[in-house]
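Only this structure's heavy atoms are used, side chains among them; waters, hydrogens and symmetry mates stay out.
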Amino acid sequence: QVQLVESGGGLVQAGGSLRLSCAASGRTFSVYAMGWFRQAPGKEREFVACISRSGISRSADSVKGRFTISRDNANNTVWLQMNSLKPDDTAVYYCAEDTRGRWLPARQVEYDYWGQGTQVTVSS
């Protein structure tokens with residue numbers, strides 16, 4: 001059983017920053033692509049960013065230039081640094097792991113394991 005545990009969410013004012021982390025256990029973290037998704041109440045889950053096992057990343061247009069995904073393979077952890085936060089960024093943020101060797105997957109169906117989510121709330 002793979003376990004992914006997110007942390008670092010909270011309440012922040014618009015323009016502020018948060019750093020989310022996702023700790024993985026149960027398998028070798030370093031060989032898999034990792035992603036961040038988010039879901040606002042009543043809305044579909046959407047892609048935020050992903051990172052390959054070698055550290056190459058991509059991000060959604062909605063967060064490009066503001067969010068940065070990174071990973072520390074030695075510590076089995078992936079982060080999402082969120083700067084210049086907007087109220088529209090309010091959502092539950094989930095980390096996910098792709099175990100099939102895909103290159104920078106951006107669809108939910110391309111990921112095999114998911115964390116429980118961490119709430120991010122951005123006030124005006």
Side-chain angles (χ1 to χ4, degrees):
Q1 178 66 44
V2 173
Q3 293 181 289
L4 302 174
V5 180
E6 303 97 332
S7 62
L11 175 65
V12 64
Q13 292 185 336
S17 298
L18 284 174
R19 183 178 173 87
L20 307 182
S21 66
C22 175
S25 64
R27 69 197 309 143
T28 303
F29 172 85
S30 62
V31 303
Y32 302 114
M34 300 292 297
W36 285 97
F37 290 75
R38 66 186 182 185
Q39 186 168 21
K43 298 184 179 180
E44 297 181 353
R45 190 171 299 181
E46 65 175 347
F47 169 76
V48 176
C50 63
I51 187 167
S52 74
R53 63 188 183 187
S54 63
I56 306 301
S57 64
R58 66 180 288 191
S59 60
D61 289 341
S62 60
V63 305
K64 199 178 299 291
R66 299 188 298 120
F67 292 9
T68 302
I69 188 171
S70 61
R71 66 191 297 161
D72 182 349
N73 290 337
N75 292 299
N76 293 344
T77 303
V78 62
W79 294 282
L80 184 68
Q81 178 66 47
M82 304 185 294
N83 298 325
S84 301
L85 283 163
K86 306 174 181 179
D88 285 348
D89 295 320
T90 296
V92 176
Y93 283 71
Y94 299 89
C95 68
E97 180 179 328
D98 165 40
T99 65
R100 306 182 192 182
R102 300 185 181 94
W103 179 253
L104 300 177
R107 299 185 300 162
Q108 293 185 62
V109 295
E110 296 178 306
Y111 288 84
D112 303 295
Y113 298 99
W114 295 81
Q116 82 289 345
T118 185
Q119 176 70 48
V120 172
T121 302
V122 184
S123 62
S124 301

Please tabulate, one pair per line, all N/O donor-acceptor pairs under 3.5 Å involving side-chain atoms of residues 114-124, not counting sequence neighbours.
from: Gln116; atom 1: NE2; to: Glu6; atom 2: O; distance (Å): 3.1
from: Gln116; atom 1: NE2; to: Glu6; atom 2: OE1; distance (Å): 3.3
from: Thr118; atom 1: OG1; to: Gly9; atom 2: N; distance (Å): 3.2
from: Gln119; atom 1: NE2; to: Ala91; atom 2: O; distance (Å): 3.4
from: Gln119; atom 1: NE2; to: Thr121; atom 2: OG1; distance (Å): 3.3

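You'll find the side chain of Arg38 reaches within 4.5 Å of the side chain of Ser62, heavy atoms only. Taking 4.5 Å as the limit, some side-chain heavy atom of Val78 sits within range of a side-chain heavy atom of Trp36.
With Phe47 as the aromatic partner, Arg58 meets the cation-pi criteria of under 6.0 angstrom to the ring centre and within 45 degrees of the ring axis.
Leu4 and Cys22 make their closest contact through CB-SG, 4.0 Å (heavy atoms, listed as atom of the first residue, atom of the second, distance). Nearest heavy atom pair, residue Ser17 against residue Asn83, reads OG-OD1, 2.9 Å. Looking at every heavy atom in both residues, Ser21 comes nearest to Thr77 through CB-CG2, 4.2 Å. The two residues Pro105 and Cys50 come nearest to each other via the heavy atoms O-SG, 3.3 Å.
Connection of Ile51 to Phe37 is not established within any shared hydrophobic cluster, with ILVMFWY side chains joined at heavy-atom distances below 4.5 Å, either directly or through further cluster members. A continuous path of ILVMFWY side-chain contacts below 4.5 Å connects Leu20 to Val12, so both sit in one hydrophobic cluster. When the side chains of ILVMFWY residues are joined at heavy-atom separations under 4.5 Å, either directly or via intervening members, Leu80 and Leu104 end up in two distinct hydrophobic clusters. Val48 and Leu18 end up in the same hydrophobic cluster when Ile, Leu, Val, Met, Phe, Trp and Tyr side chains are linked at under 4.5 Å.
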Would you please test Asp112 and Asp98 for side-chain contact (heavy atoms from CB on, under 4.5 Å) and show each step? CA-CA 5 Å; Asp112 303 295; Asp98 165 40; 3.7 Å; yes

Passes side-chain contact (heavy atoms from CB on, under 4.5 Å), Trp79 versus Asp72? Steps please. CA-CA 8 Å; Trp79 294 282; Asp72 182 349; 3.3 Å; yes

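The 12-atom threshold is not exceeded at CZ of Arg107, counting heavy atoms of other residues, nucleotides or ligands nearer than 6.0 Å. Around NZ of Lys86, the count of heavy atoms belonging to other residues, nucleotides or ligands within 6.0 Å does not exceed 12.
A donor-acceptor distance shorter than 3.5 angstrom exists from the side chain of Gln108 to the backbone of Arg45, with no hydrogens or angles considered. Although no hydrogens or angles enter the test, the distance criterion places no donor-acceptor pair under 3.5 Å between the side chain of Ser59 and the main chain of Val63. Formation of a donor-acceptor pair under 3.5 Å by the Arg71 side chain with backbone atoms of Ser52 is found in this model.
Partners of Arg66 by salt bridge (Lys or Arg N to Asp or Glu O under 4.0 Å), not counting sequence neighbours, listed by chain and number: Asp89. With sequence neighbours excluded, no residue forms a ring pair (Phe, Tyr, Trp, His ring centres under 6.0 Å) with Phe67.
How far OG1 of Thr68 is from CE of Met82: 11.0 Å, rounded to the nearest 0.5 Å. Summarising the geometry, atom CD1 belonging to Ile56 is positioned 5.0 Å from atom CH2 belonging to Trp103; distances are rounded to the nearest 0.5 Å. In this structure, OG1 in Thr99 is found 11.5 Å from OH in Tyr111, a value given to the nearest 0.5 Å. Atom CE of Met34 is separated from atom CG of Asn73 by 10.0 Å, given to the nearest 0.5 angstrom.
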